[in-house]
Amino acid sequence: MSRSAVWHPFTQHALEPVLPTIARTDGAYLETRDGRRILDAISSWWVITHGHRHPKIMDAILNATETLDQVIFAGLTHEPAEQLASALVAMAPAGLDWVFFSDSGSTSVEVALKMALGFHRNSGAPRSRIVVMEHSYHGDTIGTMSVGARGVFNAAYEPLLFEVDAIPFPAAGRIQETLDAFERVTRDRQAAALIVEPLVLGAGGMLMYPAWVLAELKRLAERSETLFIADEVMTGWGRTGTLFACEQADISPDILCTSKGLTGGSLPLAATLATDAIFHAHYSTDRTRTFFHSSSYTANPIACAAALANIGIWKEEPVAERVAALSRMQSEKIVRFSDNPRFENVRTTGTIAALDLRAGNAGYLAEVGPRLRAFFLHRGLLVRPLGNVIYVLPPFCVTPHELDRLYASIDETAGLASGSR
Ligand code: PMP
């Protein structure tokens, strides 16, 4: 066989010369070309919610192709996008009345940042500083890297990244520091927006903080008229136990970014939801106030049809009950690691569970990371630790028995840590 021409994301080809070929997906499983079944314990980078190839989503995609493919979305509209926008407004936190479509989590964040700057500029008092939370991740484009944590992921691009104000992660015992820092950086009323991952910081290491902190940040943001951007790209669609994580803090952000689970994880699509005030700051007969953002595949009709089918599943099937049951199972199964000295920071939020393996070195490049991944894969489990952080973020169709198998393997990883010291 000739060598592959594919350059894979977040993959060091010198260390991983041959990658398994996935030939089929089904429910909680990926199946390799040679027939191995791998439990997708990370929902294929956090996108799959109900399970791979949910029949209603697959049918909706097939049906959509009977009438539509891509249609330019500037100056024209179509039914799947209209219906989806109405459904999203009805389901999202109150006050998010406008839906701007794009095609990935990163673009939904870029759109959010541009809306925030456009809002202040068009309101006659331009602001340009963005406040971010330490350890955040919002994507891999230049703009989203700028508002994300600096580190090994983006060191090479540092000269191109813009400056932001970072507030500390609200770790237990240090929460007041976070709130004070936010109050300080917004006191001069020059911050355009705060962008946060609500409740769980994903790529930063599945770091979790309580809902009341989110509510407090929102209150402080209002006081200084700083727009509040909730990046729910990872946390949305049930992952944290509620449809959107913001619900748990009982807040409505000014801007909300969603992608990943929007189509149940089946097709790329994203949406940035905004308030009427933000829309109206751009609404004018003066064309210079237009919101100047587009991507070719904005509101792809087939992806919109998949998202509508996903929403149908949320309405017709007991998804909330599944999410609650999975959340319960995750807490029950991970708790036994709390008194295991090989692990620390055992934590869950909704369907997400994480723990840190005590290893010689921590961080994304922790030496134990690749060994853990290989260890799990060998056992038919797709787990991609973030350095020494092992997390379980499965599709909602995962069974108790499958979780047992997974946690039994996590138990065994304690042996790997000792070797790395
Ligand atoms: N925001 C968050 C919170 C994310 O977790 C991610 C992706 N993991 C993104 C944005 C970027 O999404 P995408 O990879 O679809 O561009």
Side-chain angles (χ1 to χ4, degrees), residues 8-11 40-49 100-116 130 132-151 153-154 157 161 164 166 169 193-209 214 228-240 244-246 253 255-273 293 295-300 303 306-307 310 349-352 354 364 382-387 389 391 393 395:
H8 287 262
F10 269 68
T11 300
D40 188 354
I42 59 161
S43 300
S44 279
W45 257 348
W46 321 339
V47 302
I48 301 293
T49 47
F100 191 95
F101 289 109
S102 60
D103 44 26
S104 73
S106 299
T107 46
S108 74
V109 171
E110 295 280 354
V111 164
L113 298 172
K114 288 173 69 171
M115 281 179 176
I130 304 291
V132 308
M133 190 179 278
E134 180 193 20
H135 302 308
S136 296
Y137 177 87
H138 298 288
D140 276 340
T141 56
I142 298 294
T144 57
M145 283 191 295
S146 297
V147 294
R150 308 296 157 95
F153 303 123
N154 47 42
Y157 326 112
L161 306 187
V164 293
F169 173 77
L194 165 72
I195 180 164
V196 284
E197 293 166 85
L199 304 188
V200 185
L201 274 59
M206 294 295 159
L207 302 175
M208 303 178 182
Y209 63 94
L214 199 61
F228 190 100
I229 303 173
D231 176 354
E232 294 244 20
V233 168
M234 189 280 275
T235 52
W237 302 99
R239 219 53 98 168
T240 68
F244 292 108
C246 282
I255 301 177
L256 183 148
C257 306
T258 179
S259 186
K260 293 192 189 273
L262 172 57
T263 59
S266 61
L267 284 176
L269 184 68
T272 307
L273 279 65
H293 190 94
S295 23
S296 309
Y297 289 104
T298 301
N300 175 269
N310 167 47
T349 297
T351 71
I352 307 169
Y364 187 78
L382 180 67
V383 179
R384 269 184 81 93
L386 297 155
V389 177
Y391 69 90
L393 194 155

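We count ligands from 1, going down the list as the structure has it; atoms in each ligand are counted the same way.
- For atom 3 (C) of ligand 1, the nearest non-hydrogen atom of the protein is Asp231 OD2, 3.3 Å.
- Between Ser136 and the choices Leu201, Leu207, Ile195, the side-chain contact (heavy atoms from CB on, under 4.5 Å) rule is met once, by Leu201.
- Near Met234, the atoms of ligand 1 lying under 4.0 angstrom from a non-hydrogen atom of the residue are 5 (O).
- In terms of heavy-atom proximity, Glu134 sits nearest to Phe169 at OE1-N, 2.8 Å.
- Residue Glu197 has at least one heavy-atom neighbour below 4.0 Å for each of these atoms of ligand 1: 3 (C).
- Taking distance alone, with nitrogen or oxygen atoms compared against 3.5 Å, Lys260 approaches ligand 1 more closely than that limit.
- Checking only distances, Thr107 never comes within under 3.5 Å of ligand 1, N or O to N or O.
- Counting the atoms of ligand 1 from 1 in the order shown, those under 4.0 Å from a heavy atom of Gly105 are 11 (C), 12 (O), 13 (P), 15 (O), 16 (O).
- Look at Trp46 and you'll find a heavy atom under 4.0 Å from some atom of ligand 1.
- From the protein, the heavy atom lying nearest to atom 10 (C) of ligand 1 is His138 O, 3.2 Å.
- Side-chain contact check for Thr107 and Glu110: no donor-acceptor pair (N or O, by modelled atom type) lies under 3.5 Å.
- Under a 4.0 Å criterion applied to the non-hydrogen atoms of Ser106, ligand 1 contributes the atoms 11 (C), 12 (O), 13 (P), 16 (O).
- Across Ala41 and Val383, no two heavy atoms sit closer than the pair CB-CG2, 4.0 Å.
- Closest non-hydrogen pair, Ser43 versus Arg239, comes out as OG-NH1, 3.2 Å.
- The aromatic rings of Trp45 and Phe10 stand perpendicular to each other, their planes meeting at an angle above 60°, with 30° marking the opposite boundary.
- Of all heavy-atom pairs spanning Ala112 and Ile229, the tightest one is CB-CG2, 3.8 Å.
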